[in-house]
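What follows is a short report on a single structure.
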Amino acid sequence: MAMNAKTIPNEEMFYGHKACGGCGGSLTVRLAMKVLGKKSIGVYPPNCMSTVGFIYPHMCYFGNATTAPFAASGAVMSGLRAGADALGHEDWHVYCMAGDGGTADIGIQALSGAIDRNDRVIYICYDNEAYMNTGIQKSGLTPTGTRTTNTPAGSNIHGAIQPKKRIFEIVAAHGIPYAATASVGYPEDYLRKLEKAAACPGTSFIHVLAPCPTGWQAPSEITIELAKEAVDTGMWFLAEYENGQYHLNKNPKEFASIEAYLKKQGRFSHMVQADFDELAAQRDEQWGRMRAEWCD
Amino acid sequence: MSGEKQFISGDEAVALAVKQAKPHVIAAYPITPQTIVVERLADYVEEGELESKYMYVESEHSALSALFGASGVGARTFTATSSQGLLYMAECLHFTSGGRYPIVMMNANRSLALPWSIFGDQRDSLSQRDAGWIQLYVENVQEAYDSIFHAYRIAEDPRVMTPVMVNLDGFILTHTYELLETLPQEQADAFIPYADYANCIKFDEENPMNIAITGGPLLNMEFRFQQQRAMNDALKVIEETDKAFGELTGRTYGGGLVEAYRCEDAEVVLLSLGSLCGTIHVVVDEYRKAGKKVGLLKLRSFRPFPVDKVAEALSGARAVGVVEKDISFGYEGAVYSEVNSALIKKGLCPLTRNYVGGLGGRNFSKEDICGMFDDLLEGAPADSVQFVNLRGDIDYGNEC
Ligand SMILES: Cc1ncc(C[n+]2csc(CCOP(=O)(O)OP(=O)(O)O)c2C)c(N)n1
Ligand code: SF4
Ligand SMILES: [Mg+2]
């Protein structure tokens, strides 16, 4: 039965941590742990979530958890899986909580390796669209034009140059049994996908958009609003890849205004009309492709 | 009870010992001259002789990361690597030693690029001196095999809980066939019984564990101190292990830390590690026959470094030569520095010289060893660091 607002457990399993108010990443963890429960082992590579949760002796995960080398989430999960299975604990979930940098950049090799082995692990990427823990630097999932501390927006450099890597499709191209995108702005959709991942007999992957008030330079109380708007503007999308097929979960007839979404965030405050237009063009191109190829 | 005899290479002997140690999880990535180990282990798994989870990883970094995960839930683990692979693991070496995971690894000592060379020297493992791993160096195929059992027993000892690297000279040992006496399986099982580790996740829903923690300025030093204490305790555990293994098999390795050969009354001692000790051994016998008082000190444990044992064995020597396949550019061989430091600590000041050679697989011949003994018996070269067998400078042909 799908978990929803009525059936979700009240028990919190991630608290006492030091994340900023309104942190989308911590919400990604909190919801994941409600679905995966206590019979789980989480892998937390270097990123905001491991930083705010692992400061001995003040431990914040009320399920089993370990940190990991940055590049190695996929491999550490595989090792935990192998060890747990060898010792007779096949019924425990193994998941990771890797950032966008830890997934699309430094951790992409180990992620690829885990999928290639089809190990029964759940790879969750919370995407706050930059290296936040080190002070907001550009990652492979930072949108075009974003101002970060190493892609300044001046007259020479105009923020990040490249669009977000299509990591969901890169993962799907491995032939993974289950992959999905989600957003903390649509929690029931995310919960449903977590349940699917938990039931998946091989590797599963969920890519969750998780706004970061600090890095996005936005008020902490609009995290959910931004996470919804990202989807409603078409800057992000909700989709699944299963049995070799893509599926769009939400296919808006009309997109909400990109400009309004971007203007709420300091990281885009340098943008002018041409920038809005470019992002809209990127969006239209991507949606054109997704609609043509992913819809029946 | 003694085991069967087999004619077998160093790599195969390691694989056989690992099969008998029954790790739950094996993860490794191929690299010459280690490859045979991973191939044999895969065969054992395929043939049903070994029940391990054999993981196909996409790099050495992932191999050791996977074992970090497996060991984190208390599984017994094994990996093998060499050279570039060991360095690619460097970050994970510190993770696993700092987290106190009792992983066992075989390293086939091989040169490091650049210049590329698949042949042996010891710059790979010696450069990882401070990674917090116990490092053993073995002389022959039998010792390679036996040391895998030693390694599990030492690593998993509650006083130690520190990963162990068993080093074999690339090709010279990994690919050489020798007669091996195997350990009967019941004896192997009894020597290294598997027990749950103290510091790992217990699969207890009501008592979850967060491991591999962050330790800030408030507590970090205390963890480091415990790590150092465990390494120092390992000196004792390595000795106990050698003794216990000796009682079981009749084979001992000088007490586990060093093996002194004809050092008691020796005027000149050559200290070395790995397979080269076999050659020095032969030369010592020849020189002794000719009435020359020379000896060999084989260093088996490089970390922890057995200061007392080294100093004790060298206490009567007038001159000491340290022969190693390593150079720390801008200074001297790493082992030479360690030996000098041990001597000074114990108030000993024999003449010491460093013979650096075998780099990139260059041969060390009996004649080379004779040359070192002759040098030290008759006086000594002026420079403390000698490159053995050097062919002269390379002409880059830059001049027009
Ligand atoms: C090998 C290595 N390189 C760099 C770092 C420094 N580092 C720690 S966290 C981090 C950024 C993580 O970014 P992301 O994965 O997006 O997670 P976020 O911090 O945004 O939550 C970096 C670069 C590290 N710990 N290890
Ligand atoms: S910087 Fe961003 S991602 Fe990191 S804890 Fe704060 S809000 Fe969360
Ligand atoms: Mg990030």
Side-chain angles (χ1 to χ4, degrees), chain A residues 13 33 37-46 50-89 91-92 94 96 106-117 119 121, chain B residues 22-27 29 51-77 88-96 99 101 103 194 196 200-216 218-220 222-223:
Chain A
M13 291 171 65
M33 290 183 75
K38 288 194 171 168
K39 282 182 109 170
S40 64
I41 307 174
V43 173
Y44 291 81
S50 62
T51 303
V52 303
F54 269 92
I55 305 163
Y56 183 82
H58 188 177
M59 314 315 285
C60 306
Y61 296 94
F62 292 79
N64 293 297
T66 177
T67 65
F70 199 13
S73 305
V76 173
M77 282 200 293
S78 291
L80 285 164
R81 179 78 276 155
D85 289 353
L87 297 169
H89 302 286
D91 54 336
W92 285 64
V94 174
C96 80
I106 194 168
I108 197 169
Q109 173 180 305
L111 164 61
S112 177
I115 305 171
D116 186 41
R117 288 184 295 272
D119 287 326
V121 298
Chain B
K22 301 177 187 166
H24 299 102
V25 180
I26 297 170
Y29 191 79
E51 282 181 19
S52 306
K53 304 261 170 199
Y54 187 102
M55 298 181 55
Y56 300 89
V57 282
E58 77 298 334
S59 75
E60 288 89 351
H61 191 280
S62 282
L64 197 48
S65 294
L67 298 193
F68 164 81
S71 195
V73 290
R76 181 177 278 179
T77 59
Y88 200 39
M89 285 179 177
E91 177 189 27
C92 311
L93 292 176
H94 289 261
F95 256 84
T96 46
Y101 297 109
I103 295 166
Y194 167 73
D196 221 355
C200 63
I201 286 172
K202 298 290 180 217
F203 299 99
D204 177 353
E205 273 181 79
E206 296 318 311
N207 296 293
M209 281 172 74
N210 290 188
I211 60 171
I213 46 93
T214 299
L218 199 62
L219 284 166
N220 199 297
E222 283 63 29
F223 285 109

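Per chain, numbering begins at 1; letters A, B, ... match sequence-line order. What you see is a predicted model, and the numbers here were worked out from it, not measured in a lab.
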For residues B:Ser62 and A:Gln109, is any side-chain donor paired with an opposing acceptor at under 3.5 Å?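 No pair is found: no donor N or O on one side chain lies under 3.5 Å from an acceptor on the other.
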
Before you tell me yes or no, could you show the steps for A:Thr66 and B:Phe68 under side-chain contact (heavy atoms from CB on, under 4.5 Å), namely the whole-Å CA-CA distance, both residues' side-chain angles and the distance that decides it to 0.1 Å? CA-CA 10 Å; A:Thr66 177; B:Phe68 164 81; 3.7 Å; yes

Taking all non-hydrogen atoms of both residues into account, name the closest pair between [X] and [Y] and its distance.
X        : Y        : answer
A:Gly113 : B:Glu58  : CA-OE1, 3.5 Å
B:Ile213 : A:Tyr56  : CD1-CB, 3.6 Å
A:Pro57  : B:Leu219 : CD-CD1, 4.1 Å

Worked check of side-chain contact (heavy atoms from CB on, under 4.5 Å) between B:Ile201 and A:Ile41: CA-CA 9 Å; B:Ile201 286 172; A:Ile41 307 174; 3.8 Å; yes

Over 60° means perpendicular and under 30° means parallel, so tell me whether B:Phe203 and A:His89 are parallel, tilted or perpendicular.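 Rings of B:Phe203 and A:His89: parallel, under 30°.
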
Check for a donor-acceptor pair, side chain of [X] on one end and backbone N or O of [Y] on the other, with a separation under 3.5 Å.
X        : Y        : value
B:Asn210 : A:Gly53  : no
A:Thr67  : B:Ala212 : yes
A:Arg117 : B:Met55  : no

Which atoms of [X] come close to chain A, meaning under 4.5 Å heavy atom to heavy atom: side chain ones, backbone ones, both, or neither?
X        : result
B:Glu206 : side chain
B:Glu205 : both
B:Asn220 : neither
B:Tyr54  : neither

Would you indicate whether the side-chain heavy atoms of B:Lys53 and A:Arg81 approach each other to under 4.5 Å?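 With C-beta onward as the side chain, the pair stays apart.
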
I need the residue from [options] with the largest number of non-hydrogen atom pairs under 4.5 Å to chain A.
options                              : answer
B:Ser52, B:Ala63, B:Ser65            : B:Ser65
B:Leu67, B:Val25, B:Asn207, B:Thr214 : B:Thr214
B:Gly74, B:Gly99, B:Ala75, B:Ala70   : B:Ala70

Heavy-atom pairs under 4.5 Å with chain B: which of A:Leu80, A:Val94, A:Ile55, A:Thr51 has the most?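 Looking at each option in turn, the highest pair count goes to A:Leu80.
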
Using heavy-atom distances under 4.5 Å, tell me whether A:Asp85 contacts chain B through its side chain, its backbone, both, or neither.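 For A:Asp85, the contact with chain B is made by backbone and side chain together.
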
